[in-house]
Number of protein chains: 2
Amino acid sequence: MATTILVVDDEKRLVSLVEAYLAQEGFRVVTASNGREALFLARQEKPDLIILDIMMPEMDGYEFMRLHRKEYQTPIILLTARVEDDDKIIGLELGADDYVTKPFRPRELTARIRAVLRRTGQTEPTATVLRRGDIILDRESHTVKVGNQFVDLTPSEFDLLAALMSSPGKVFSRLDLLDRLQGTRYEGYERTIDVHIKNLRGKIEPDPRSPHYVKTVYGVGYRFTRD
Amino acid sequence: MATTILVVDDEKRLVSLVEAYLAQEGFRVVTASNGREALFLARQEKPDLIILDIMMPEMDGYEFMRLHRKEYQTPIILLTARVEDDDKIIGLELGADDYVTKPFRPRELTARIRAVLRRTGQTEPTATVLRRGDIILDRESHTVKVGNQFVDLTPSEFDLLAALMSSPGKVFSRLDLLDRLQGTRYEGYERTIDVHIKNLRGKIEPDPRSPHYVKTVYGVGYRFTRD
DNA sequence: ACTATTCTTCATAATATCTTCATAACTTCT
DNA sequence: AGAAGTTATGAAGATATTATGAAGAATAGT
């Protein structure tokens, strides 16, 4: 059974963003937009971890934690809007296992998730290795092999490649990919992706001038070859 | 602390054979040649797993299990001389976790050991001696040799190096490494790792300015060289 | 309680990466 | 072929991350 993560936040955009990349990371994701719904889902789905926004209407994160913790010890990662110490202290006192301040990048969230899962003795998500043709990408060890040659990628290059390889043949718009890199920290300029792709190609393509792995789809975006 | 295995058999030859092999695999091994001695050693050493011969003079395997299980739930693998169902059934009923019939090949035994340890949630055996290139790290004696020169490491430096060397090429995040040092303690500050790494490099790297063993992976963490 | 060692924090210097921008190259459409 | 729009590319500035020295805090040993 895949590791299940419950994401609780009233902001639709944030929820779907988090859901998208956690799914891509190999987690099973269920979502709730308020505390009551979350309590219900937690009972039903028995998630391995909960990602919880503190600021929610109706029932806030603290209240949810209090109620949930009466029955379960599920590890919880808090999403806090501000960087004030108050949040940290209160949240951790109530039994949260870690916290991430908004805005955050996907990479930061998944790093914390993995750390918490390891700390609480859960299993890693299953699909940690992506293998397409000659390219092997291992999320856990954060290594990429082309043929039998390791290549060093920057964080952005690595995340882009992981996204593309997660669904070979699927076209990702630059906006999709930008979300992937920047998450809720959204200030980006789509052309940035072009540059990352160029640099990535320079590292993994035998002939970067006519790419074999990462193809351009004119007017739409990029995709990993499906062959 | 290395995973400890208690081997109980009255055949000296078999015991030393198994002992040698398991030691080579990175386990810590203690041995007993009869039931009484085994009970004593089990109390004293608190082994993570017991390998037990059924056929022994004085106190046989079944009797040992009965007495031992009054106090402990240590997983037990039985060594049975014959392939008869009787042994299997009785043994497993008494609470053995697996059994291996003699004669057996070393690799079969270790495979079963690992399977049982995994099943019962024990930690994988951590090889006592890690040897990568010019660096030799011995967990038991807590010593590190670079070339033929012993170097003195602080506890933190030693643990960091051991973690990194346990999976060369794998990138460890600062959070990962902090957990190794501090366990579940929470107040850790990731930058602390940087300093330990710097100090570690100063002790093991020929040229700490351009490290050969402990590499930095920008934006992610550190790894031991995979070459 | 004192000393020596180790650990952590902090400030700043050194690097690597990311983003932007200008321009060249390419695609598509007419 | 030409026009319009899109993508590729090299380079430079902005940003983020890591390395480092040093000082204070914590810990262990005597």
Side-chain angles (χ1 to χ4, degrees), chain A residues 83 85 101 103-108 111 142 144 151-161 164 171-183 185-205 207-223, chain B residues 142 144 151-161 164 171-183 185-205 207-223:
Chain A
V83 201
D85 285 342
T101 57
F104 57 87
R105 293 187 189 176
R107 152 177 294 274
E108 160 148 30
H142 211 272
V144 173
V151 295
D152 288 328
L153 301 184
T154 69
S156 294
E157 289 156 12
F158 186 91
D159 290 343
L160 282 182
L161 183 59
L164 293 169
V171 182
F172 292 78
S173 73
R174 289 175 178 72
L175 228 45
D176 290 338
L177 297 171
L178 209 52
D179 278 353
R180 178 73 199 177
L181 294 191
Q182 307 200 333
R185 281 171 85 160
Y186 205 82
E187 329 161 348
Y189 175 52
E190 294 188 22
R191 289 296 143 206
T192 300
I193 298 298
D194 298 31
V195 180
H196 286 308
I197 293 286
K198 180 196 62 132
N199 295 333
L200 174 60
R201 282 172 171 162
K203 292 179 180 179
I204 66 169
E205 297 283 359
D207 176 11
R209 298 283 167 164
S210 56
H212 171 251
Y213 297 113
V214 178
K215 309 268 196 185
T216 302
V217 182
Y218 188 92
V220 189
Y222 297 96
R223 74 159 172 241
Chain B
H142 216 267
V144 173
V151 295
D152 286 330
L153 300 184
T154 69
S156 293
E157 289 156 10
F158 186 89
D159 289 345
L160 282 182
L161 183 59
L164 294 170
V171 182
F172 292 78
S173 73
R174 289 175 177 73
L175 230 45
D176 289 338
L177 297 170
L178 205 54
D179 280 355
R180 301 260 181 172
L181 298 190
Q182 307 196 336
R185 232 186 88 188
Y186 200 75
E187 299 107 52
Y189 177 52
E190 296 187 22
R191 289 295 144 207
T192 300
I193 299 299
D194 298 31
V195 180
H196 286 307
I197 293 286
K198 180 193 64 123
N199 296 333
L200 174 60
R201 281 172 171 161
K203 293 179 181 179
I204 66 170
E205 296 284 358
D207 175 11
R209 297 282 168 162
S210 56
H212 171 252
Y213 297 112
V214 178
K215 308 265 195 184
T216 301
V217 182
Y218 186 95
V220 189
Y222 298 95
R223 75 164 164 239

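Labels below follow one simple rule: chain letters A, B, ... track the order of the sequence lines, proteins then strands, and each chain is numbered from 1.
At distances below 3.5 Å, at least one donor-acceptor pair connects side-chain atoms of A:N199 with backbone N or O atoms of A:V195. Of the possible donor and acceptor atoms, none in the side chain of A:R223 sits under 3.5 Å from a partner among the backbone N and O of A:V214. At distances below 3.5 Å, at least one donor-acceptor pair connects side-chain atoms of B:E205 with backbone N or O atoms of B:H212. The main-chain N or O of B:D152 is found under 3.5 Å from a side-chain atom of B:K203 such that the two form a donor-acceptor pair.
Here the NE2 atom belonging to A:H196 is positioned 8.5 Å from the CG atom belonging to A:L178, to the nearest 0.5 angstrom.
Going from atom CG of B:D159 over to atom P of C:dT8 covers 11 Å, rounded to whole Å. With rounding to whole Å, B:I197 atom CD1 is found 16 Å from D:dG21 atom P. The distance between atom CD1 of A:I193 and atom C1' of D:dT9, rounded to the nearest whole Å, is 16 Å. Going from atom CZ of B:R174 over to atom P of D:dT17 covers 10 Å, rounded to whole Å. Counting to the nearest Å, the C1' atom of C:dC21 and the CG atom of A:D194 are 13 Å from each other. Taking atom NZ on A:K198 and atom C1' on D:dT6, their separation rounds to 17 Å, with Å as the unit. C:dA25 atom C1' lies 13 Å from atom CZ of A:R201, rounded to whole Å.
Side-chain contact check for B:L164 versus B:L177: some heavy-atom pair is nearer than 4.5 Å. Side-chain contact between A:Y222 and A:K215 is absent, with no heavy-atom pair separated by less than 4.5 Å.
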**Item:** Where protein sits on nucleotides 14-20 of chain C, one letter per nucleotide: B base, S sugar-phosphate only, - none, heavy atoms under 4.0 Å
**Value:** --BSSBB

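For the OP1/OP2 pair of D:dT6 and a distance below 4.0 Å, the side-chain nitrogens and oxygens of A:T216 include no atom meeting the criterion. Look at B:R209 and you'll find a side-chain N or O under 4.0 angstrom from OP1 or OP2 of D:dT20.
In the model, B:S210 has no side-chain atom that pairs as donor or acceptor with a side-chain atom of B:R201 under 3.5 Å.
When heavy atoms are screened at a 4.0 angstrom cut-off, B:Y222 is found touching the sugar-phosphate backbone but no base atom.
Rounded to 10 degrees, the angle separating the terminal helix axes of the helix from C:dA1-D:dT30 to C:dT30-D:dA1, each built from five base pairs, is 50°.
Across all non-hydrogen atoms, the minimal contact from A:D194 to A:E190 is OD1-O, 3.7 Å.
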